[in-house]
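I have placed the structure first, in the form of structure tokens, so that the comments after it can refer back to it.
Please read these numbers as outputs of a predicted model, since none were measured by experiment. Throughout, numbering of the chain's residues begins at 1 and tracks the sequence.
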Amino acid sequence: MTVAAAVFLVLCLATLWWATRPASVGVRHTLFVFVWLCAALTATLVTFSLFPTSTADGTVFGVTFGGAGAFVLLVWTAALRAGNRAADRDKREAAAARKAVPAAPPGPAVIGRQETHWYRLRRTAGSGKRWIGVITGDVRRVTSADAWVNSENTDLMMSRIHEFSMSGIIRYEGSRRDVTGRVLDDVIANELADAVRDHRPVTPGIAIVTSAGELARTHGVRMIVHSAAVEGQPGSGYRPIRDLDQAVQHALKAAGRPVLADGTALAPAQVVLFPLAGAGTGGGDLDETARTLLLAAVDHLTRSAAAPERVLFLAYTEAELTACRRILDACPDVTSKQPAPA
């Protein structure tokens, strides 16, 4: 009996420790029933081992028990009844704990519609009109720009095709695929790798032009301008480069005089689409990043006579749209509420 008493004592103490943990909410009271059951059995076994002549009699379901067996059975029957009540208390406690946990804040509201808000520049270096705009929704629905800017890291290594980023989308949509969607030729990523070769990391803000791969056929895109707009740090992820405005200037200059890595010159882009580089996976502040990008584009369109004629910024969420429009509405170099350019 002494060995059995020791076993039940260990079980009692271990279960008591388990039941007092914060993680035990919802099963705490049921565990406590097992705790005092083990404690009662320990006391019973110790009592009858020290005083073997002690007696206890009881009848359960018409069967009479005597000695230690009767006491154990009595304790066990009481435990079963208490267990039902404990289960009800655990259920109520678990429900209360779930209500007490604050709901996770909702994510940014994604824009499902596609609309374009145009702003005309008040003055330009050339004779023609220049426009800057904000287009909403998923980039995969945009067919109005002949050059897309890919916000890339300073290693100029494109995201994996399953990642939800501008880089990953461009890489997949620009690849040649079979009828099942499997990539057969990673066109854009391969061209970019050939252009960079062993010169990684590149200078922050630099822009390199590649073809658009299958995006030329599906979306009317003639070139991809890869902009080294974010830089990574081990253990900290990515952040926008310090001179983000220079990245915009370099990207627009590259789109205005596009040359591929093999020396092939392309016709200048007329409409350039930018993501809000650095505000997504780059981790930059949305308002600050949007202001830097938009005003840098306005400055380039004001001062440079070279193409492009129009620059678009992609707003995927309502917060991005609100930030872009607030900045452009307050910009003295543009006029708002303009009809779409012809």
Can D155 and R200 be counted as an ion pair, charged N to O under 4.0 angstrom? no
Does one side chain, of T136 or E115, offer a donor that lies under 3.5 Å from an acceptor on the other? no
Quick check: closest heavy atoms across S211 and I188, and the distance to 0.1 Å? O-CG1, 3.8 Å
Worked check of salt bridge (Lys or Arg N to Asp or Glu O under 4.0 Å) between R325 and E318: CA-CA 11 Å; R325 297 209 64 186; E318 293 288 354; over 6 Å; no
Membership question, hydrophobic clusters at under 4.5 Å side-chain separation (ILVMFWY): are L215 and V183 in the same one? no
Heavy-atom closest pair, residues H250 and A207: O-CB, 3.8 Å
Are W118 and L273 in one and the same hydrophobic cluster, where Ile, Leu, Val, Met, Phe, Trp and Tyr link if side-chain heavy atoms are under 4.5 Å apart? yes
May I ask you to say whether E214 pairs ionically with R217, meaning some side-chain N is under 4.0 Å from a carboxylate O? yes
Any donor and acceptor pair, going by atom type alone, linking the side chain of T322 with main-chain N or O of A319 inside 3.5 Å? no
Is it true that the side chains of E173 and T218 contain a donor and an acceptor less than 3.5 Å apart? no
Same apolar cluster: I224 and F164, side chain cutoff 4.5 Å: yes
Among V209, D194, I208, which one satisfies side chain to side chain contact (heavy atoms under 4.5 Å, CB included) with L260? V209
Consider only side-chain heavy atoms of I, L, V, M, F, W and Y, link residues closer than 4.5 Å, and tell whether L286 and L295 are in one cluster. yes
Check each of V149, L276, I135 against F313 using the side chain to side chain contact (heavy atoms under 4.5 Å, CB included) test, and report the only one that passes. L276
Heavy-atom pair with the smallest gap, counting every atom of I170 and N150: CD1-CB, 3.7 Å
Check: V271 main-chain N/O paired with D146 side-chain donor or acceptor under 3.5 Å: yes
